[in-house]
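The block underneath contains the structure these notes are about, expressed in structure tokens.
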Number of protein chains: 2
Amino acid sequence: MGETLEQAFQKLCREKNLAVTHQRLVIYRELMKMHDHPNPEQVYERVRPELPSISLATVYKTLHAFVAAGLICQVSPHHGSMRIEPQGEPHSHFICLRCHDITDIATGDPDVAALKAGVPAGYQVEQVSTELRGICGRCAAESFSAGHA
Amino acid sequence: MGETLEQAFQKLCREKNLAVTHQRLVIYRELMKMHDHPNPEQVYERVRPELPSISLATVYKTLHAFVAAGLICQVSPHHGSMRIEPQGEPHSHFICLRCHDITDIATGDPDVAALKAGVPAGYQVEQVSTELRGICGRCAAESFSAGHA
DNA sequence: GAATATAGACGAATAATTATTATTTAGCAA
DNA sequence: TTGCTAAATAATAATTATTCGTCTATATTC
């Protein structure tokens, strides 16, 4: 039973062509214990007792590898830098994961009332927004031609 | 008529207790011309011809002042650092603008089909997420007691 | 118009992340 | 097994984005 998680991890790695390393296993095991939304620094601190010589850069690379492989998700990947919206019109945004470009999407408002219903008491909601993320037309065209070059 | 924007800006500033400065006016005027989602660096480059001695730090401070006053919006303010979600369950997030804490919100999925309908052709949507932003219970309680200290 | 508070310029500092390079390790084949 | 090759790691430097501190300049208030 103690092996179940490790075996599951090995299987996942095979599927995704990730090498199974001790560091990755320990990081994965710690991640699976966490039910909040840690940042890389926190993950680093959590694994250090078991991996005293690990470096923060390795944690970053491992987390990115896990995200790319779909083992974990990233909460609202940001845009590299602060982005502002001069006009106050409410709409959704499409954010390109590759070039970070933001495209306005005209959509109906989300059901704000239903969303707010799930918010704990004492929380003050100031904004609600829906984002779509993926690859924009330009980047999709580029990777297509690159794939056929 | 050329004065309309300037007058409107002055009025806004009075309402929000912001001093009307030349730098702020120029930044505001440029922002109102922009229909994309510039970052501070881009705003800086845009105003430099008119304000050769402005510093990037001033642009940051001004943008923050404008956001706080509600003159402009920020597109998905980020969390200071990368945040991950170990478990793959889909849900929404409440993000505290003060302490950056992320709280899971159990909600129904947004109408993904309707959202995707507004996406330009050639764009590949990989994720759709809804975020609520505001002040979490802890921070709200703190500012309440601070306000009455 | 003078006093006071706020804003700006400049440079340095900090935080988050990525790149570099040498070393180690995993995955695979003989 | 053993050795080869590609990938992963550790350590550190570099980059990028953002903020801070200090001094000067400007706006607001009287």
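Protein chains get the first letters and strands the later ones, always in sequence-line order, with residue 1 at the start of each. Computed from a predicted model, the values in this text were never measured in an experiment.
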Practice item. Quickly work out the A/Y44 OH to C/dA15 P distance and round it to whole Å. Key: 15 Å

Point to revise | same_hphob_cluster(B/L71, B/L31) at 4.5 Å side-chain heavy-atom cutoff | key: yes

Check your understanding: Is A/Q23 near enough to C/dT24 that one of its side-chain N or O atoms lies under 4.0 angstrom from OP1 or OP2?
Key -> no

Point to revise | Lys/Arg-Asp/Glu bridge criterion (N-O < 4.0 Å) met for A/R29, A/E50 | key: yes

Exercise for review: Report which part of the nucleic acid A/S81 touches: base, sugar-phosphate, or nothing (heavy-atom distance under 4.0 Å, all strands).
Suggested key: sugar-phosphate

Check your understanding: Nearest to the side chain of B/M82 - C/dA9, C/dT17, D/dT28?
Key -> C/dT17

Practice item. Specify the separation, in whole Å, of atom CZ of B/R83 and atom C1' of C/dA15. Key: 14 Å

Review point. In terms of side-chain heavy atoms of B/A57, which of C/dA9, C/dG11, C/dA16 is nearest?
Key: C/dG11

Practice item. Specify the separation, in whole Å, of atom CD1 of B/I84 and atom C1' of C/dA16. Key: 15 Å

Review point. In whole angstrom, what separates B/L51's CG from C/dG8's P?
Key: 10 Å

Point to revise | For A/L18 against A/A69, the heavy-atom pair lying closest together | key: CD1-CB, 4.0 Å

Practice item. Would you tell me if any nitrogen or oxygen in the side chain of B/S53 comes within less than 4.0 Å of OP1 or OP2 on C/dA9? Key: yes

**Study point:** Separation of C/dA7 C1' from B/F66 CZ (nearest whole Å)
**Key:** 12 Å

Revision key, fill the gap. Assert: residue with more 5' nearest nucleotide on DNA chain C, out of A/K61 and B/I54, is B/I54

Revision key, fill the gap. From the candidates C/dC10, D/dA10, D/dA17, the one with an atom nearest any side-chain atom of B/Y60 is D/dA17

Check your understanding: Between A/T21 and B/A19, who's closer to the 5' end of DNA chain C by nearest nucleotide?
Key -> B/A19

Exercise for review: Group every Ile, Leu, Val, Met, Phe, Trp and Tyr by side-chain heavy-atom contacts under 4.5 Å, then state whether B/M32 and B/V47 land in the same group.
Suggested key: yes

Revision key, fill the gap. Rounded to whole Å, CG of B/L25 lies from P of D/dT26 at a distance of 16 Å

Practice item. Specify the separation, in whole Å, of atom OH of B/Y28 and atom P of C/dA7. Key: 18 Å

Practice item. Mind calculating the distance between CG (B/N39) and P (D/dT19) to the nearest angstrom? Key: 13 Å

Point to revise | A/R24, nearest nucleotide to its side chain (from C/dT17, C/dG8, D/dT9) | key: D/dT9

Review point. Of the nucleotides C/dT17, D/dT18, D/dT9, which one has an atom closest to the side chain of A/T62?
Key: D/dT9

**Study point:** NZ/NE/NH1/NH2 to OD/OE distance under 4.0 Å, B/R133 and A/E126
**Key:** no

Review point. Taking OP1 and OP2 of C/dT18, is either one under 4.0 Å from a side-chain nitrogen or oxygen of A/H64?
Key: yes

